[in-house]
Amino acid sequence: MARGLSLRKYNAIIPLLSSAVRSYCLLHTHKSISVKGKIGVPINFDKEVKCLDDAVSLFNRMVRMKPIPSLPVFCKLFKTMLSMKHYSAVVSLFQEMRKLDIPINDFVLNILINSYCLMHRSDCSFSLLPFYLKSGIPFNVVTFATLIRGLFAEHNLNDAVELFKKVVRENICEPNVVMYGTVMNGLSRRGHTQKALSLLRLMEQGNTKPDVYEYSIVIDALCKDGNLDAAINLMNEMKQKGIPPDIVTYGSLIDGLCKLGQWEKVRTLFSEMVNLNIYPDVCIFTMVIDGLCKEGKVEAAEEVMEHMIKKGVEPNIITYNVIMDGYCLRGQLDRARRIFDIMIDKCIEPDIFSYSTLINGYCKKKKLAKAMQLLGEISQRGLKPSTVTYNTILHGLFEVGRIGDAKGVYAEMLYAGPKPNICTHSTVLDGYFRCGLVEEAMSLFNKLERKRENTNIAFYTVVLNGLCKNGKLDEAHSVFEKLSLIGLTPDVRTYTTMITGFCLQGLLDEAKSMLRKMEDNGCPPNNVTYRVILQGFLRCSKFSEMETFMKEMADRGFSFDASTAELLVNIVRENPSVLDIIPELHSKNKY
DNA sequence: ACAGATGTAG
């Protein structure tokens, strides 16, 4: 519903918009596209607009027509341009319209706002709001839903939620299902499932009742969290309310169940949806195929693919990529490569996922020459390596010690490739440390720390591990102590890394106190932690102190891995009295 | 609003 906004209401949103209004001038800094073109040719919209040039020349003809085409025609042109991702061009053409004194309306302005949001310039979007007021054009729910979506796209969750609350609280416009859906989606995708669920509950109480769309957003978020019980309960709830789940709802649930390997429940949902005459689509079959592949059951996956073809559902590029990854995971690169070639035979052009998957497969087999060759082929196919592609190949090169090549690829990435992400940084740092390039690692680490970009505990664990393994336990310890200041919580790998570091230096008391500390901090040790600490004590022949740990391990259902077991056997062989000190070893005597 | 590729402890 469209409703004008009084100045009072506008003032109410001013604090939020302050930075936006400050950047109002930005509106006028965009370069204009020059207006040239043929005049008087009739518009054949769909046929003519295939690229940016087409759009611009059509625009130029439109503005010279007499009478000038109606605003919906301009909107249609702009929407086509947005679908081609020519966001800034829409801004330029809008400015041409202004210069030519072509009257505009709320639809055009909303499209302009959306253009800025899609450019991740929601500040510019906000700076347009005074323009609505000046021109007497009313804001509507689309305006604000678009702004909220823009803020979410920029990861500005707080402002997005604040704006939504303001819109509701101050009755700026009546939120509709789309606006609720936008907020719930934004919350879900940023991991705030519970907040999305609360909003769903709020909708249930209010006038705008949620439909299958809103339920599906929350169900999907719950599934992605692995909270399948809650997801299934929510589905049952919506059924009881008379809102039948659709194919998307079933898709989310089936994907979640496949990822947890709960095949019986997958089967149940499958028959349930077919009974409701909802037939699985290529997405759903691909989820099942992926689940099977990840469990190593590629044959079963191929059977599902045959089944779907029989049912008239054609596999697409994602289906083939998933099967290819399945073979890669089993190390069957020849088979993976065969799937790649079959795809091409079927005129399904490999995409960057196909290449990254296959490159990862070759890297894991340490066949770096093959991997590098594929990297070279990417551009020949008119594709660009993604950040993931680079991360994969960098990891592979470092792993086999091809430092020079790794540095070369990294330099190429920095120079001409996609933006490195936290994985890239972790991979390169880990590579430097493993190759003993501590200086280079630390200088990169310091540089990254100064930038204060997004970071995570995995990244720091790489640094701690690198320092510990290179004999810099003191430095590692001071980085570790700093973690809470950065707002990062050590996880089981972080603690295990530190414990390994202490054990390496024979500092068993420190290792032991770190073990207690992690427990106290609500991060219980796992299998690996115990293995590390036991090996540490074994290597220092501190047999008697091991007893406690072995009891704890047994209580928690952990067992030895092959290498710890072997170590134990050798110790017992050389020193049979160990058996008397550690009664638990009797049961392990079979080694 | 449903599907695919990358990094950290042993």
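Computed from heavy atoms alone, side chains included, the values below leave out hydrogens, waters and symmetry copies. If you're wondering where the values come from, they're calculated on a predicted model, not measured in any experiment. Chain letters run A, B, ... following the sequence lines, proteins first and then strands; every chain starts at 1.
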Roughly how many Å is it from [atom1] in [X] to [atom2] in [N], rounded to a whole number?
X: A:Phe152; N: B:dA1; atom1: CZ; atom2: C1'; result: 15 Å
X: A:Arg190; N: B:dA1; atom1: CZ; atom2: C1'; result: 17 Å
X: A:Leu534; N: B:dG10; atom1: CG; atom2: P; result: 15 Å
X: A:Ile219; N: B:dC2; atom1: CD1; atom2: P; result: 13 Å
X: A:Asp491; N: B:dG10; atom1: CG; atom2: C1'; result: 14 Å
X: A:Ile243; N: B:dA1; atom1: CD1; atom2: P; result: 18 Å
X: A:Ile348; N: B:dA3; atom1: CD1; atom2: P; result: 19 Å
X: A:Leu253; N: B:dA1; atom1: CG; atom2: C1'; result: 12 Å

Indicate whether OP1 or OP2 belonging to [N] is found under 4.0 Å from a side-chain N or O atom of [X].
X: A:Arg434; N: B:dA9; result: yes
X: A:Lys469; N: B:dT8; result: no
X: A:Lys224; N: B:dA3; result: yes
X: A:Lys294; N: B:dA3; result: no
X: A:His395; N: B:dT8; result: yes
X: A:Asn465; N: B:dA9; result: yes

Looking at every strand, decide which applies to [X] at a 4.0 Å heavy-atom threshold: base, sugar-phosphate, or nothing.
X: A:Ile393; result: nothing
X: A:Thr461; result: base
X: A:Asn527; result: nothing
X: A:Val462; result: sugar-phosphate
X: A:Ile217; result: sugar-phosphate
X: A:Thr357; result: sugar-phosphate

Quick one: the side chain of [X] and the base of [N], do they pair up donor-acceptor inside 3.5 Å?
X: A:Ser386; N: B:dA5; result: yes
X: A:Asp281; N: B:dC2; result: yes
X: A:Ser356; N: B:dA5; result: yes
X: A:Asn391; N: B:dA5; result: no
X: A:Ser426; N: B:dG7; result: yes

Side chain of [X] only, please: which of [options] is the nearest?
X: A:Ser216; options: B:dG10, B:dG7, B:dA1; answer: B:dA1
X: A:Tyr213; options: B:dG7, B:dA9, B:dA1; answer: B:dA1
X: A:Val388; options: B:dA5, B:dG7, B:dG10; answer: B:dA5

Could you check, using the six-membered ring where one of them is a Trp, whether A:Phe164 and A:Tyr180 have ring centers closer than 6.0 angstrom?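 Yes, the ring centres sit under 6.0 Å apart.
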
Tell me if the centroids of the rings in A:Tyr432 and A:Phe398 come within less than 6.0 Å of each other.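 Yes, the ring centres sit under 6.0 Å apart.
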
Would you call [X]-[Y] a salt bridge at under 4.0 Å N-O?
X: A:Glu299; Y: A:Arg330; answer: yes
X: A:Asp334; Y: A:Arg338; answer: no
X: A:Lys224; Y: A:Asp255; answer: no
X: A:Lys310; Y: A:Glu306; answer: no
X: A:Glu552; Y: A:Lys512; answer: no

